[in-house]
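By convention in this document, chain letters (A, B, ...) are assigned in the order of the sequence lines, proteins followed by strands, and residues within each chain are numbered from 1.
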Number of protein chains: 2
Amino acid sequence: MNSFTEENYLKSIFKLSQKTDNGVSTNSIAESLETKASSVTDMIKKLSDKKLVNYKKYQGVNLTKEGKDIAVSIIRNHRLWEVFLVEKLNFKWDEVHDLAEDLEHINSKKLTNQLDAFLEYPKYDPHGDPIPDKDGNIHRHLDITLADLKTYDKGIVVGVKEHSKSYLNYLETINLVLGTEIKVNKIVDFDLSMSVEVNKKESVNISHQASKNLIIKKSN
Amino acid sequence: MNSFTEENYLKSIFKLSQKTDNGVSTNSIAESLETKASSVTDMIKKLSDKKLVNYKKYQGVNLTKEGKDIAVSIIRNHRLWEVFLVEKLNFKWDEVHDLAEDLEHINSKKLTNQLDAFLEYPKYDPHGDPIPDKDGNIHRHLDITLADLKTYDKGIVVGVKEHSKSYLNYLETINLVLGTEIKVNKIVDFDLSMSVEVNKKESVNISHQASKNLIIKKSN
DNA sequence: ATATATTTTTAGACTAATCTAAAAATAGTT
DNA sequence: AACTATTTTTAGATTAGTCTAAAAATATAT
Ligand SMILES: [Mn+2]
Ligand SMILES: [Mn+2]
Ligand SMILES: [Mn+2]
Ligand SMILES: [Mn+2]
């Protein structure tokens, strides 16, 4: 089987490959895994020997079908466990990621599928990220953020692009959790900060930094 | 923190120390972990440096308070996860041990305690083994096995001393699962095999090998 | 008490994953 | 096209955990 380390590389390469058309660069992997480029090169060779990535020196890597399947199944595990922790064990959405990083490596198709059934086949995790189904299909949200909206646009909060505790905590204090209805009341052209109506009540001020990480489903 | 490997050594030493009054021998650890004595010696030194075991060369080891606490918490995790898998995810009692071997190393007090609460504070795991509570207290069954009973003794199956798939499967085929009422009808003095009445109905024949691994609570 | 058998430890080597420092390849700039 | 900067790879070392083979300590038997 594959080690935890190998699985983390595959997951990282999968996520990075969605942000680029070319191969995934050695440095970008190193950065995302907080390791050194030389370590990445070594691991890439290993994954290449195992036919989990396609690799030509200096050209970056791409996942093979098999490598991608493994990556997606780990992401599926991660997000299902996050749902479990929040829905069944009363964790908050800002507390589950690190635990899921460990739990995602428990390798059992039966466990994953039974957990999925137990949770009644959730489509999204506590951060709005889509959960790949049994066959690896992922239904992504349209990539519209609060920062993309115009004055008087309305919508519903459906996800976050930034998963740090501080950001999630902040959102909670201003009531911008998943499912919240919002309406843009004003956009300050100087710094692109916004005044946003939350659940038809209070207006809150939100920086561009914050608004561009909040995924919205426009509601007309 | 401690690695998976260190945790497995601690767990193994804890279990072995319950079967002996002296220190736990290097060879017994090696056997239980399916490794070599030389590897055990190395690891013991490491655990000793970390003050998790007391060790004098050639004298065997004993857990320190801290080492014991870690071992017990891992056993607590293991057994809670087994309950979860059986009660919530519809696993059979012979399918859960290997998964629990991995899950037990997920290290989070909060996770463990929330899981315990979610399962409504179970006292025993699917094999009848006692689950240590939050403070590490373990309420063991009296160590009476079916093989200890006399003719016409009655009792209830409350646990197993052997956890192999083949034994658990066999018990299921003859309906000797946890909670089953039994009565000893006959003991063959030649091979100590028994004829046992199960749930006041069928009588089954059981070898000594099988009966001495079944833990019974005598019912008068 | 001495010889023999068993257990435990040491010595030295191997693998996976990592690192630093240096070399090689690629990309960007004048 | 030539120089410079950046990225990637290589070379060599390190650490955790393991192994085999041999040495040392302890236990058992005569
Ligand atoms: Mn996460
Ligand atoms: Mn998530
Ligand atoms: Mn078990
Ligand atoms: Mn058990």
Polar atom pairs (N or O), protein with nucleotides 23-28 of chain C, under 3.5 Å:
from, atom 1, to, atom 2, distance (Å)
C:dA25, O4', A:Y58, OH, 3.3

I'd like a table of atom pairs between the protein and nucleotides 12-15 of chain C - only N or O on both sides, under 3.5 Å - with the distance next to each one.
none

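Side-chain contact check for A:I174 versus A:V196: every heavy-atom pair is 4.5 Å or farther apart. Side chains of B:L33 and B:V40 form no contact here, defined as non-hydrogen atoms less than 4.5 Å apart.
At least one side-chain nitrogen or oxygen of A:Y55 sits closer than 4.0 Å to the OP1 or OP2 atom of D:dT9. Between B:S25 and C:dT7 there is no side-chain N or O to OP1 or OP2 distance below 4.0 Å. Phosphate contact (OP1/OP2 of C:dT6, side-chain N/O of B:N27, threshold under 4.0 Å): absent.
Side-chain atoms of A:T64 and A:E66 form no donor-acceptor pair, as typed in the model, at a separation below 3.5 Å. No side-chain donor-acceptor contact under 3.5 Å links B:S25 and B:N27. Between the side chains of A:H105 and A:N77, no donor-acceptor pair of N or O atoms lies under 3.5 Å.
Residue pairs meeting the salt bridge (Lys or Arg N to Asp or Glu O under 4.0 Å) criterion with at least one partner in residues 30-45 of chain B, sequence neighbours excluded, are absent.
Nearest to the side-chain atoms of A:A37 among the listed nucleotides C:dT18, D:dT9, C:dT20 stands D:dT9. Side-chain proximity of B:T35 to D:dT8, C:dT8, D:dT18: nearest is D:dT18. The nucleotide whose nearest atom lies closest to any side-chain atom of A:T41 is, among D:dC19, D:dT7, D:dT9, D:dT9. Comparing D:dT18, C:dT20, C:dT18 by their closest approach to the side chain of B:M43 singles out D:dT18.
The nearest whole Å value for the distance from the CG atom in A:N8 to the C1' atom in C:dT18 is 14 Å. Computed from coordinates, the B:L47 CG to D:dA16 C1' distance equals 13 Å when rounded to whole Å. Following rounding to the nearest Å, A:I29 (CD1) and D:dT7 (P) show an atom-to-atom distance of 14 Å. Across the protein-nucleic acid pair, B:K45 atom NZ and C:dT9 atom C1' stand 6 Å apart, rounded to whole Å. At whole-Å resolution of the value, CD in A:E31 and P in D:dT6 are 16 Å apart. Note: NZ (A:K36) to C1' (D:dG12) measures 17 Å, nearest angstrom. Whole-Å rounding puts the A:I44 CD1 to C:dA16 P distance at 17 Å.
Here A:S38 lies in heavy-atom contact (under 4.0 Å) with a base. In this structure, B:K56 reaches neither bases nor backbone, as no heavy-atom distance under 4.0 Å exists between it and the strands shown. Counting any heavy atom pair closer than 4.0 Å across all strands shown, A:F4 reaches no nucleic acid atom. A:S39 comes within contact range of at least one nucleobase, with a heavy-atom separation under 4.0 Å.
A perpendicular orientation is assigned to the rings of A:F118 and B:F84, their planes being inclined by more than 60° (bins at 30° and 60°).
Salt-bridge check for A:K218 with A:D148: failed, with every basic side-chain N at 4.0 Å or more from each acidic carboxylate O.
Considering B:R79, B:E7, B:E101 as possible partners of B:I74, the one that fulfils the side-chain contact (heavy atoms from CB on, under 4.5 Å) test is B:E7. Checked against A:W93 for a side-chain contact (heavy atoms from CB on, under 4.5 Å), the options A:K165, A:E172, A:H163 give a single hit: A:E172.
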